[in-house]
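See below for the structure under consideration.
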Amino acid sequence: MQSYTLYAPGKINLYLEIIGDRPDGFHEMAMILQSIGLADQVTIKSIGVDQIRVHCSHPLVPSDASNLAHRAAVLMAKQFPEAAQRYGGVEITIDKQIPVGAGLAGGSTNGAAVLVGLDLMWNLGLTQSELQELGAQLGSDVPFCIAGGTAIATGRGEVLAPLPSLDGLHLVLGKYRDLSISTPWAYKTYRQQFSHSYVSETQGIQGRQQRVHSGPMVAAIAARHPAEIGKLLHNDLEKVALPAHPRITQLKDAFAACHPLGVMMSGSGPTVFAIAQSADHGAEMRAKVQETIADPTLDLWITQSTANGIHVAYPA
Ligand code: ATP
């Protein structure tokens with residue numbers, strides 16, 4: 001097959017706890033990640049020339065070698081030089097639906113899609129865990145994006161433990177088009193302000209991670225209890241993002257006034273998501289938030305949680 005189109009879902013963080021520093025400069029994390037229906041489409045085509053080309057019409061997405069999709073193709077070519085030579089170069093076209101710099105893993109999921117797509121196109125037959133190991137070299141969220149669904153992520157986010165599927169939660173997402181947060185900025189600022197509370201010894205780190213594994217959020221997910229999940233949403237990065245960007249608090253407040261089951265910033269932000277009680281409640285909430293904030297740069301999406309990671313759209 002010369003061409004594949006893949007759906008590349010974004011993610012939200014139902015839970016994000018920063019535990020401590022790691023020797024590699026990243027943070028020790030404990031997160032609960034959830035795939036969402038809001039997805040990019042990534043098309044990969046074999047081309048005759050030995051090049052990697054990336055096309056994306058979104059103005060904030062680079063088309064050069066810094067694009068995560070491009071970096072994923074370079075990694076695959078380095079890892080599998082014979083296949084790369086046999087099949088030639090690739091053209092990658094990204095239809096961006098996931099907002100950029102939003103805390104929704106938009107770049108990571110594009111990188112994940114290229115790994116999965118090239119595995120198929122080059123007939124490599126890699127297992128999901130082999131793909132995830134490669135993905136970890138590209139970014140901490142890439143392994144999760146490959147498998148998708150609901151999972152606990154520890155380490156720097158690449159150590160995954162799947163949780164029972166939580167598809168069908170009604171979600172409303174909001175993000176100001178003119179507000180992006182750089183993930184490195186969020187973590188650096190958190191370290192500056194909160195490193196005094198970091199846990200450093202291995203036992204303490206493992207204890208914190210274990211606390212999440214056996215904690216109430218995991219129990220609420222296993223019981224498929226949306227109201228309980230809504231109450232237990234948590235994100236440490238709100239402590240730095242909200243004071244720096246009061247508009248995020250304003251958006252959270254507008255959602256909260258609509259009585260969602262829960263409302264929280266996702267990842268390093270600035271996207272805010274709210275869990276609605278039903279599809280109708282989600283639609284009402286979107287209309288009401290739009291009316292309350294009345295800012296033309298505010299984008300709102302209605303979506304659902306999904307069990308899907310990267311999956312093939314074409315050929316069907
Ligand atoms: P995360 O939730 O993983 O921290 P994010 O959603 O906050 O990610 P991204 O949308 O992945 O952030 O974008 C962060 C930056 O990465 C962008 O400003 C952009 O310049 C760069 N980037 C590189 N490749 C891509 C891509 N394929 N899609 C989007 N952004 C990309």
Side-chain angles (χ1 to χ4, degrees), residues 6-16 18 26-27 29 31-36 38-44 52-75 90-117 135-136 138-146 148 151 153 156-158 160 173-190 235-238 240-241 244-245 248 264-273 299 301 303 309-310:
L6 301 112
Y7 286 115
K11 61 87 187 148
I12 53 171
N13 298 73
L14 299 175
Y15 185 90
L16 187 156
I18 298 176
F26 288 91
H27 279 95
M29 307 292 300
M31 299 187 282
I32 299 179
L33 303 174
Q34 175 60 58
S35 298
I36 55 173
L38 184 62
D40 292 339
Q41 274 194 39
V42 179
T43 299
I44 304 172
I52 297 166
R53 295 180 190 152
V54 176
H55 304 289
C56 181
S57 60
H58 195 295
L60 298 177
V61 176
S63 292
D64 61 12
S66 68
N67 191 299
L68 261 155
H70 192 289
R71 288 178 49 211
V74 169
L75 177 66
V90 283
E91 183 178 72
I92 301 163
T93 307
I94 303 167
D95 175 1
K96 229 335 121 204
Q97 301 297 322
I98 304 170
V100 177
L104 301 175
S108 302
T109 195
N110 293 171
V114 170
L115 297 182
V116 172
L138 292 174
S140 309
D141 284 342
V142 179
F144 171 76
C145 291
I146 291 171
R156 57 184 172 88
E158 87 291 12
L160 298 171
L173 272 52
K175 178 187 177 291
Y176 297 98
R177 224 169 304 130
D178 57 347
L179 179 62
S180 286
I181 292 185
S182 133
T183 305
W185 172 85
Y187 282 94
K188 193 182 78 190
T189 309
Y190 192 90
N235 184 349
D236 274 342
L237 289 172
E238 283 200 341
V240 293
H245 302 285
I248 305 175
M264 187 62 43
M265 185 181 83
S266 179
S268 53
T271 304
V272 169
F273 68 93
D299 288 325
W301 296 262
T303 188
I310 304 297

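The first residue in the sequence is number 1, and the count goes up from there. Heavy atoms only: backbone and side chains are in, while hydrogens, waters and symmetry mates are out. Whatever order the structure lists them in is the order used to number ligands and atoms, beginning at 1.
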Flag, side chain of [X] to backbone of [Y], donor-acceptor distance under 3.5 Å:
| X | Y | result |
| --- | --- | --- |
| N13 | G267 | yes |
| K96 | G106 | yes |
| T189 | W185 | yes |

Any chance the side chains of T93 and T43 put a donor and an acceptor closer than 3.5 Å?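 On atom types as modelled, these side chains do not qualify, holding no pair under 3.5 Å.
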Atom OH of residue position Y190 - does it have more than 12 heavy atoms of other residues, nucleotides or ligands inside 6.0 Å?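 For Y190, atom OH is crowded (more than 12 foreign heavy atoms under 6.0 Å).
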Can you name the residues that form a salt bridge (charged side-chain N to carboxylate O under 4.0 Å, His left out) with R177, not counting sequence neighbours?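 Applying salt bridge (charged side-chain N to carboxylate O under 4.0 Å, His left out) to R177 gives D299.
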Anything under 3.5 Å between an N or O on ligand 1 and a protein N or O? List each pair with its distance, or write none.
| residue | atom | partner | partner atom | Å |
| --- | --- | --- | --- | --- |
| ligand 1 | 2 (O) | L104 | N | 3.4 |
| ligand 1 | 2 (O) | A105 | N | 2.9 |
| ligand 1 | 3 (O) | D141 | OD2 | 2.9 |
| ligand 1 | 4 (O) | T183 | OG1 | 2.8 |
| ligand 1 | 6 (O) | A102 | N | 3.4 |
| ligand 1 | 6 (O) | G103 | N | 3.1 |
| ligand 1 | 6 (O) | L104 | N | 3.1 |
| ligand 1 | 6 (O) | A105 | N | 3.1 |
| ligand 1 | 7 (O) | A102 | N | 3.4 |
| ligand 1 | 7 (O) | G103 | N | 2.9 |
| ligand 1 | 10 (O) | G101 | N | 2.9 |
| ligand 1 | 11 (O) | G107 | N | 2.7 |
| ligand 1 | 12 (O) | G101 | N | 3.4 |
| ligand 1 | 24 (N) | L68 | N | 3.0 |
| ligand 1 | 27 (N) | N67 | OD1 | 3.0 |
| ligand 1 | 27 (N) | N110 | OD1 | 2.9 |
| ligand 1 | 28 (N) | K96 | NZ | 3.2 |
| ligand 1 | 28 (N) | N110 | OD1 | 3.4 |

